[in-house]
Structures are given as C-alpha cells and as structure tokens.
Amino acid sequence: MTNVEHGGRAGNAFVGAAQTTRARLGALRIGLWAIAAILAVRQVAAVLSTPKADRLTDLETWVGPNGVLHVKGSLYDSTRFTGTPFGGLVLKPLTRAAEQALGWGWTFGTLLLVVALGLIAARALPPPVSRRTSLLAAPVAISLLMLSLPVRNALYLGQTSIIPVLLVLLGCFTVRGERACGVLIGFAAALQPTVLLFAPLLWFTGRRRAAASTVTAFAALAGLAWAVMPHDSNTYWVHHLAGVGLGKDADDLANQSLHGALLRFGLSGPLEIGLFLALGAAVAFVGLRRAVRYARDGQLLLAVAMTGCVAVVVSPTSWQHQLLWVLLAVVGRVGRKTADRRVWPVAVLLVVTLPAKMLLPDMPALHPLRDNAALIAALAAATAVPFLSRTSEFYRAPIPTAYAAPVPTRWNRLPLLPFPGRVLTRPNLLLELLLIRVGYSAYQQVRLAATGGTNAGGRATAEHHGTQVLAIERFLRLDIEHWVNHAVVGVPFLRDFLDFYYESFHFGVPLTILGVLYVRRPADYRWARSALGFATLFALVGFWLYPLAPPRLMPGLGVIDTVHGVQDFSKPDYGTLTELTNQYAAMPSLHFGWSLWCGVVIVILAPRWWMKALGLLHPFFTVSAIVATGNHWVLDVAGGAAVVAAGFGVTCLLQGPRPRTLMEPVEAGANEPVPVAGRTPG
C-alpha cells in the first residue's frame, strides 16, 4: 500500500476511472434533460397549434364568454361544470379581462406544475437510492409525465387534475410540519373529494395532527363554498352525491372508476349502487391497509400512489385526466428475478401512455379488459401487486440473469459495437406478450399511416409505383404474375389450397415457432425474436417510403383476386381485409419475409434433416400463394428476403452470434436454467 501511494499509478488510474464515470453520467444526464425538454416543447406546441375552438375546451366551458362562471344562477345548470363548489369559487376571480391571455398562461402554468411534480416524485424515491439514480430520476420522471395520457389530456383540455396530485406530494414530501401538510392535502380534497382517503393513511402512520388538519381544512373550505354558494353546494353534495351524474354519463369509457365499470357491465339501480358501495369499501380497506404497511416500510411514495389508486377506484367518476396516481405506482419493485423487474413498470407505462385499443386486440371477448385497462391497473396496484418490502433480500439484489460467455467483436474498426451480454434465461411471458401486442398495433398504424390514414388516400401513388415495378419485371422477364394467377384459377383444388394457405399460415406458423422456442430454447427465442423484430421494422420503412399496389389492385392488369373475389376498382376499400389494413403495403412482402424467417430458424435449429426440409416448404408454399392469389409481385419477394437478411444481420451486429450453449435446469425446485458447457445444438 505504501508503494502504491508513493508511486501514484494505481491512485491515478482510480481517479481517472472515476472522472470518466462522472463525465459519462453527466453526458447521460444532459441527454435525458434534453429529451424531457423536447417532449415538453412538443406537448405545448401541440396544444397551441390546435385551433382555438378545439383546445382547452374544458377550461373554455368554465371561463369563456359563455362559460358557466359567467352564467347567472347555478354553476351546474349547464351540466358542463363537474368540479366541486369550492373549485368554482376558486375560479370565480378569472374574469373576461383575463380570457385572452388565459390559454397561454394556463398551458405554461400547467407545464410548470408537471415539472414540479416530476422533481418532487424523483426526490421522494425510497432509500437506498444510488447517486446515479438520484441524478437521472428527475428528467426521467418528467419525460414519463409528459408522455402520459393524464398530462396530455390536462394540457389539451385545460384541466386542473394535476393540482390535487401536486398538493398531496407537497404535503407529504416537501413542507415541514404536520399542520401545513394537512392543510395542503385538505385543499386538494376540497378540489377532489376522494383525496380525503389520505387522512386515514396519515393517521395510521403516526401523523395524526396532519390527518386532523386535513379533515379540518377540507371541512372549512367546503363550508366556505357552502356559505357563498349554498344552492350549488346543495346540488353537488346532495342531489349529485360528490358530482355523480354531472358532465358526461357515468358509464362513459373515460370514467375509469368501479362505478363506471359496473354501469358498463349492464348493472343499474339499487343493485349497482349496493355492489359499488360494498366493493368500494373492500377496496378501500385492503388498499389503505397495504399503503400503511408500505409507508411504515419506508416506501412513502409507493404508499401515496397506492392510496391515490384507491381513490381512483372508489370515486364515482375518475376521468382519464385524473389517473396520474397509476403512473406514480411505477416506483414499486416487483419480482424476485432481475428479468421480472421490468414487467410492472412496462405494464403501467403502456396503460398510462397508449390508447386502450392498442393494448389488446379488437375482440368482443377482450372488450371488458380493454375498456377498463386503467381501472384494472389502479385496482391491481392498490390491492394485488406483490410489491417487495425493503427488508426483502431481493429488494436490492434480485436473482441475476444468466448470460452466455462473452465473445470478442470481429469488427476491430467498430469499437463502439462490442457484443453485449447475451441473455440465456427465459424472458417474462407477460412482458413479451405486451410488447408483441403493442408492436403489432404500431405496425398496423404505420402501415395505414403510409397512405395518409386511409386506403384510398394513397391509391394513385401506389398504382404509379405498381406500373414502375411491372416495367422492371418485364425488363428482367420476371412478370409471371398474370400467367401464374390464371393458371391456378383453372385448377380449383390448387386455387382453394393456396387461398387457404395465404389466409391461415401467415401468423400461425411464426407464433408457433416463437412459442416452441420460448418454452424449449430461451436463448434461441431471444435471438430469433430480435431478428424478426428488426426485419418487420425495416419492412415498415419500405411501406412508408414506397406504397405499392399489389397485382390484384392494378386496373387493367387482369389479375383475379382469388381470395376476396372480383374487385370493384371504384371502391378501393373493397373487402373485409382492406377495412383493417393498408392494402398498398406490398413492398417488401412480409408474407414471404416472415415465412422465410420461419424457414431459416427451422433450418438452423431443427435437430433432424426432415424437419429442416419441412421448414423450407413453408416459404416455398408462401411465395406460391402470394403470387398466385395476386397479392404480391415477384420483386416483393426479393424485398421480403432483403429485410429478413438485414434483420438477422443487425441482430448479429448488436447482439453477437447466436448463443450455442444448451440450457438444462438446475437442481429440483430451481427457477433459473444454467448453461451446460461444451454442448452445442444438434
């Protein structure tokens, strides 16, 4: 040690490494803040660029020239005002003189509230928090808030829903003194009555003065509003219990409360009210009990989020812009394995940032889940999700992920692309299903957006590109589509077989291969899934840049649509399939691309020669079907092969060669497989 200290070499190396780490951390922090700033500017620009008549519509119903705050008589006569009487009392000072500048001021004021909310949430993370996490948490939190539907709706509609959440966080994490804490939360409850549920949380966690101050402040402010506006208060609290029935119908999809869900299930009258009260009481009891336990465990932010989720569930009306509590629940840690830690955060982020129709397919059996996704997330956070205690051995040290042996990069001139660790363990199934569903939904949206949002929108461009492709094929003597199509039409059993193959195997075979690999070959599943994902991404770029009409949609070509029947070219949206997807996304052919991916995976991984031969039959039958049915050009097949090759190439570039280590389970009862050295797939 003495020699090292006097020599200084090891010490200098340590200092240099620390400085490098700080520099990288600083660069990452700057990048994250830049992303947060870009998202903020984008949201504000989206609001301010919207026509004046279409933006801040909720705010306009309050303070506009014909808004309810200018209406003589009750605030609730117009049925457009749904806030508390105290909320109306607070908004009364906003007069017509301020209306011209109110839109800009309200928008930028809401933006500042969001930033403050993100900063407070980042500082409230439960200990222990590393320095890296503390530095990066704030920009990440603000970015997530900017992306969330509640914040986007609050900015677009001009809502006040961020204020109660911010007041609660200020009271719990910022102000000193229990009385000040209670006053802030009581003020929030005067704006949103279900915030009173935080009083039991404060009481049972030892902050009884804060709980008493909460109830007192709420009663005082509600009493003040009652004294100033007795008729409005009687309407809100007596005739419309806590606002029930004001504004939109309670069974509207935007109402993500238990009451709204029961109404959507067809219940009504005393039965629905009794069931709502019983279930609400049970949720409040279980949720608050769990929140108290996690607050005593030192996870106060999680406890606050859980209490807010209880408020969402038991409130008679919980509109979409009031669901920020669900996003705050992302701070909870779930799962004993490292691979499972991402499931809960990803699920929450998907629910609060994407429309519900992107989460689940449009199938009647799934509509109850899709229509109540935010409610289910809030209910799960409040009562069911097994968040880890800080005393758990897995809280800070989850079961690590198994990796394949590292391999050196073969591209010495690309030092920035070393092969990262290649995971051998099986990924979480729920996370995979969520990502596959969202990815496919995005794929559908991009396909349709490539023609301006409608199939007819890009018809002229797509047909022009079709004539270009036909000219190239004629030059190369590859224009066989018309001949093959009419030859198959003349053989009924062959036509029926290829029609069936075209409609039935496109999704089934790739999903079956992914399922088998997920169960039997986890490491190969990750490799194959990544290649398929990259290939699909490259195909989307092709759909966007080069809309192309297939032969069956080319007027005058004479190709018969064997799947959908005779085409009426005056109605380009003809057929059931054309109502669902962009029919001008022909180049490259993902029908052939996905089938080629299946063939490559089977040939590489199948242990028997006859299995490999069967794997090659699928792309052969697929290319026969897509050409014979008139759904693709021959050059589309070449495009499909190109994107698949690019997908495998990028996967190898970013992840390295496919891990060749077989997996065998460890001793009985173990959850994680371990590599078996020296063995390779057959």
Side-chain angles (χ1 to χ4, degrees), residues 56-96 98-99 102 106 109-110 113 154 157-168 170-171 182-199 212-250 252 254-255 257 259-260 280 308 311-312 314-322 324:
L56 303 178
T57 52
D58 283 8
L59 181 63
E60 186 69 17
T61 62
W62 299 345
V63 300
N66 299 316
V68 294
L69 297 185
H70 295 293
V71 173
K72 303 298 183 181
S74 173
L75 296 174
Y76 305 106
D77 285 345
S78 66
T79 69
R80 292 183 297 173
F81 184 77
T82 61
T84 63
F86 178 75
L89 182 64
V90 171
L91 290 173
K92 276 290 188 182
L94 300 176
T95 61
R96 295 187 183 183
E99 288 167 7
L102 185 59
W106 192 277
T110 302
L113 295 180
L157 298 175
Q159 276 289 348
T160 60
S161 54
I162 296 174
I163 296 177
V165 180
L166 181 60
L167 290 173
V168 171
L170 285 171
V183 169
L184 287 174
I185 298 178
F187 193 95
L191 297 173
Q192 209 172 90
T194 49
V195 174
L196 273 178
L197 288 170
F198 283 91
S213 298
T214 297
V215 176
T216 302
F218 167 77
L221 296 174
L224 175 64
W226 200 294
V228 176
M229 298 181 293
H231 178 68
D232 290 342
S233 298
N234 187 66
T235 300
Y236 184 86
W237 293 109
V238 178
H239 293 288
H240 294 278
L241 182 61
V244 178
L246 295 175
K248 297 180 180 179
D249 294 334
D252 192 277
N255 179 17
S257 71
H259 177 52
V312 169
V314 304
S315 175
T317 53
S318 295
W319 306 117
Q320 195 172 51
H321 54 267
Q322 299 172 337
L324 268 180

Review point. With Ser257, which residues qualify under side chain to side chain donor-acceptor pair (under 3.5 Å), at least two apart?
Key: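 If we apply the side chain to side chain donor-acceptor pair (under 3.5 Å) test to Ser257, skipping adjacent residues, the hits are Asn255.
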Which pair of non-hydrogen atoms, one from [X] and one from [Y], has the smallest distance, and what is that distance?
X: Ala154; Y: Ile162; result: CB-CD1, 4.0 Å
X: Gly87; Y: Leu191; result: CA-CD2, 3.9 Å
X: Gly280; Y: Val314; result: O-CG1, 3.4 Å
X: Pro316; Y: His259; result: O-CD2, 3.4 Å
X: Ala217; Y: Gly182; result: CB-O, 4.3 Å
X: Val195; Y: Pro164; result: CG2-CB, 4.5 Å

Self-check item: Under 3.5 Å donor-acceptor, Thr84 side chain and Ala190 backbone
Solution: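 Side chain of Thr84 to backbone of Ala190: a pair is present.
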Nearest 0.5 Å, what's the [atom1]-[atom2] distance between [X] and [Y]?
X: Phe218; Y: Ile185; atom1: CZ; atom2: CD1; result: 13.5 Å
X: Leu170; Y: Phe187; atom1: CG; atom2: CZ; result: 12.0 Å
X: Thr214; Y: Leu197; atom1: OG1; atom2: CG; result: 11.5 Å

